[in-house]
4 protein chains.
Amino acid sequence: MAVKSKIKGIDNRKLILDTANTLFKKQGAQKTSLSDIAKKAGISKGTLYYYYTTKRELIYDIARDHMETITRALIRWLKDMSSEIEPMEILAHVYRTVVNASQRSKLHLYLIEEAISGDKELMKRFRASYTKWNNLLSDGFARILPKNKKDDIPALAALALTSITGSLIQHQLGNKQLPYSDMARVLLK
Amino acid sequence: MAVKSKIKGIDNRKLILDTANTLFKKQGAQKTSLSDIAKKAGISKGTLYYYYTTKRELIYDIARDHMETITRALIRWLKDMSSEIEPMEILAHVYRTVVNASQRSKLHLYLIEEAISGDKELMKRFRASYTKWNNLLSDGFARILPKNKKDDIPALAALALTSITGSLIQHQLGNKQLPYSDMARVLLK
Amino acid sequence: MAVKSKIKGIDNRKLILDTANTLFKKQGAQKTSLSDIAKKAGISKGTLYYYYTTKRELIYDIARDHMETITRALIRWLKDMSSEIEPMEILAHVYRTVVNASQRSKLHLYLIEEAISGDKELMKRFRASYTKWNNLLSDGFARILPKNKKDDIPALAALALTSITGSLIQHQLGNKQLPYSDMARVLLK
Amino acid sequence: MAVKSKIKGIDNRKLILDTANTLFKKQGAQKTSLSDIAKKAGISKGTLYYYYTTKRELIYDIARDHMETITRALIRWLKDMSSEIEPMEILAHVYRTVVNASQRSKLHLYLIEEAISGDKELMKRFRASYTKWNNLLSDGFARILPKNKKDDIPALAALALTSITGSLIQHQLGNKQLPYSDMARVLLK
DNA sequence: TATGAATGAGCCTTCATTCAT
DNA sequence: AATGAATGAAGGCTCATTCAT
């Protein structure tokens, strides 16, 4: 019984998280009401509040998930950097993957908006994540650049990261024709 | 009389626009209520309605202003591209200027969020603006690049524009240490 | 000048009345705002208020027009009652005419609703009109009924008038298949 | 506990319905605000929303109640038609009962107005109800009319129904002297 | 006569949150 | 653990009316 309850509890927490994730991706956090989530998850609002005292907490959990997913993906790509695949192709691939994860990148922008519009805690976490992602990219570039270009690594990493984020915005706005391959080539030239 | 009324009317319209601008920059459009605007502007909600039948209309007006401002600034910079100033310095300056216009760039992100979360019309306008900005940047690069690099222009313009937008986000999130000069140098190398 | 003004004034009054009439018929008085009227009439709200201090006054004027129109139509029909046309056909014609003046009968119901929901003055006028219409119908029946049925006249007039009004409602509600000829025949049998 | 809650919930729903009913009857649906209802019922606007997401839903519920009440009353009367009471007296009684349910008949007119002024759904329901009432009346007349008059039944039913509705309007407008007995006699003669 | 800027009260609706059970 | 009834503040919007010019 106790066990069963616990399991059920865990299930519910995950259920809420998944449902919220889906809805946040579709409509953004601000436009998703807790009623929406409860209804779609098939639980009561009371239950939702049992697991998340505040909408904010729910957002935090989702943001954490989201950032970790990105980090994991970046690490996976960097592994390829050391393999025999052409670096330029890898970078172009990163661009395309990030940008095409349409729902996910929508969530990314929604969360950024949340952070910027006053959520200090969320802002802190985003800042930390960006730093980590920047470092990961730097590591990647370090492995592929010739010695005489090592000094460019910080600038390159920053360029890549900012450009990817910016591309994500343009893609969301409907500009789906950016020359990702050329951009990657110019960067790595 | 008639004139005074007209002036008064114009004043009020401008007053509303300015007040909304200020508040949107501070808290975003979604979190700024029409009551907030009216209160801060010292007019009644009815008056606000007299000038803007819909919150959306107000947002559109502000977005238009905002985009035009960016366009004008970009054109100004490009004029410098043809002067004797170092291109790299100009580009670094663009980065810094865009990014440091803190309130303005906050507004930029808020408006993008509005667009992405369902405002088709706003999205269209943003897309058009991004295309225009991209073309302006291409013109600028065309003037400074040697002939044998002309093929890189589209990629360079896209890189610059996406990277600037991405930098803006990172800056808003509190990362104020991006190596803009180096980024500009690497891009133009 | 003075004359011209006066004429213009009269024109404006009529213009307002006609415009309001059109809109009231289409959407009802409650759902027609004074702004709607002013806009459609191509005048300012101020001008509208110059002629009608209150929305109510405007409604009264329109109601008066409307009732007079009905009265005139009834008198016209009654003239036919004395001619060689079959009474039953005349009565069926009345039914059909009243009921098919779709817009006009919509206005009729809207005005009744206004009256019932608290406008004592309008109610008084309606009551007076109904009495007059009832008398007119009585006169008509008096001319066509044989002597031994004279006693039925008040009941017949009441039946006809209430039934016509009721038919108008059913017609507005979409029941357009009432057996008007048979109803008229049964009444006059 | 659970039961009490449920009962409380049911009570509140009924409380809202009753309160709305009272106010609608007094002032009409359009002139009754949800605030009015909440205030008079002694609950918050939020609670009202909990039970009725929309004013329209509330109106539908009330309209349904109202139409069912009429239907039930009609059926009751028709039962008498087969008993030994004089048909004419029964019909006159119907007239008087309908017409004297002053508040109720006011609601009837308000609802009709709602339907006519654009509520397609309500209009459909009214049309269906009128058809049903018409059929019920036809059944009643079928039982009391001699065989040689069977052909008049549809016209008679239509006459009765429209006339009753029309009487209701006149009564609401203050004309409380209609000769119901005579009208019934003439109809059934 | 005519205008239109300005108002303020009010409307319907939304929603995060609380709490007794 | 879970429920769902209840709340109240707030949001965007509408509109009859006033009034200086």
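Source: prediction; values computed, not measured. All chains are named by letter (A, B, ...) in the order of the sequence lines, taking the proteins before the strands, and each is independently numbered beginning at 1.
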Check: Does any donor atom in the side chain of A/S117 or B/Q27 lie under 3.5 Å from an acceptor atom in the other side chain?
Finding: no
Notebook entry, point to check: Does E/dT21 pair with anything, Watson-Crick or G-U wobble, both distances under 3.5 Å, and if so, with which nucleotide?
Noted result: F/dA2
Check: Across all strands shown, which nucleotide pairs with E/dA16 by Watson-Crick or G-U wobble geometry, both distances under 3.5 Å?
Finding: F/dT7
Notebook entry, point to check: More 5' along DNA chain E: A/K55 or D/Q30, using each one's nearest nucleotide?
Noted result: D/Q30
Note to self: Go nucleotide by nucleotide along DNA chain E from the 5' end; which of D/K31 and C/G46 gets its closest nucleotide reached first?
What the structure shows: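 Final value for this comparison: C/G46.
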Item checked: Evaluation steps, salt bridge (Lys or Arg N to Asp or Glu O under 4.0 Å), between D/D11 and D/K14 -> CA-CA 5 Å; D/D11 278 359; D/K14 187 154 180 5; over 6 Å; no
Looking at [N], I'd like to know if its phosphate oxygens (OP1 or OP2) sit under 4.0 Å from a side-chain N or O belonging to [X].
{"X": "D/N12", "N": "F/dA6", "result": "yes"}
{"X": "B/S44", "N": "E/dA6", "result": "no"}
{"X": "C/Y52", "N": "F/dT17", "result": "no"}
{"X": "C/Y49", "N": "E/dT3", "result": "no"}
{"X": "B/T47", "N": "E/dA6", "result": "no"}

Rounding to a whole Å, what distance do you find between [X]:[atom1] and [N]:[atom2]?
{"X": "C/Y50", "N": "E/dG4", "atom1": "OH", "atom2": "P", "answer": "17 Å"}
{"X": "B/Y51", "N": "F/dC13", "atom1": "OH", "atom2": "P", "answer": "18 Å"}
{"X": "D/I37", "N": "E/dG10", "atom1": "CD1", "atom2": "P", "answer": "16 Å"}
{"X": "B/L48", "N": "F/dT14", "atom1": "CG", "atom2": "P", "answer": "13 Å"}
{"X": "D/R13", "N": "F/dG4", "atom1": "CZ", "atom2": "P", "answer": "14 Å"}
{"X": "C/D11", "N": "E/dT1", "atom1": "CG", "atom2": "P", "answer": "12 Å"}
{"X": "D/E57", "N": "E/dT13", "atom1": "CD", "atom2": "P", "answer": "9 Å"}
{"X": "D/L58", "N": "E/dC11", "atom1": "CG", "atom2": "C1'", "answer": "15 Å"}

Check: When the ring centroid of D/H108 is compared with that of D/F126, is the distance short of 6.0 Å?
Finding: yes
Notebook entry, point to check: Heavy atoms under 4.0 Å, any strand shown: does A/T53 hit a base, just sugar-phosphate, or nothing?
Noted result: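 Since no nucleic acid heavy atom lies under 4.0 Å of A/T53, the category is nothing.
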Notebook entry, point to check: Can you tell me if NZ on B/K39 sees more than 12 non-hydrogen neighbours from other groups inside 6.0 Å?
Noted result: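 Count not over threshold, so no.
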Next item on the list: Name the residue closer to the 5' end of DNA chain F, choosing between D/G42 and C/L34 according to the nucleotide with the nearest heavy atom.
Entry: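 Here D/G42 is the residue nearer the 5' end.
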Next item on the list: For the side chain of B/S33, starting at C-beta, report the closest nucleotide among F/dA6, E/dC12, F/dG11.
Entry: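 Side chain of B/S33 sits closest to F/dG11.
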Next item on the list: Carefully, step by step, assess A/E113 and B/Q30 under the rule side-chain hydrogen bond (donor to acceptor under 3.5 Å, both in side chains).
Entry: CA-CA 11 Å; A/E113 213 266 340; B/Q30 296 206 37; 5.5 Å; no
Next item on the list: Evaluate the criterion side-chain hydrogen bond (donor to acceptor under 3.5 Å, both in side chains) for residue pair C/Y52 and C/D61; output intermediate values, then yes/no.
Entry: CA-CA 10 Å; C/Y52 289 96; C/D61 254 24; 2.8 Å; yes
Checklist line | C/K45 (side chain) and E/dT3 (base): donor-acceptor pair under 3.5 Å | finding: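 Between E/dT3 and C/K45, which were checked side chain against base, a qualifying N/O pair under 3.5 Å is absent.
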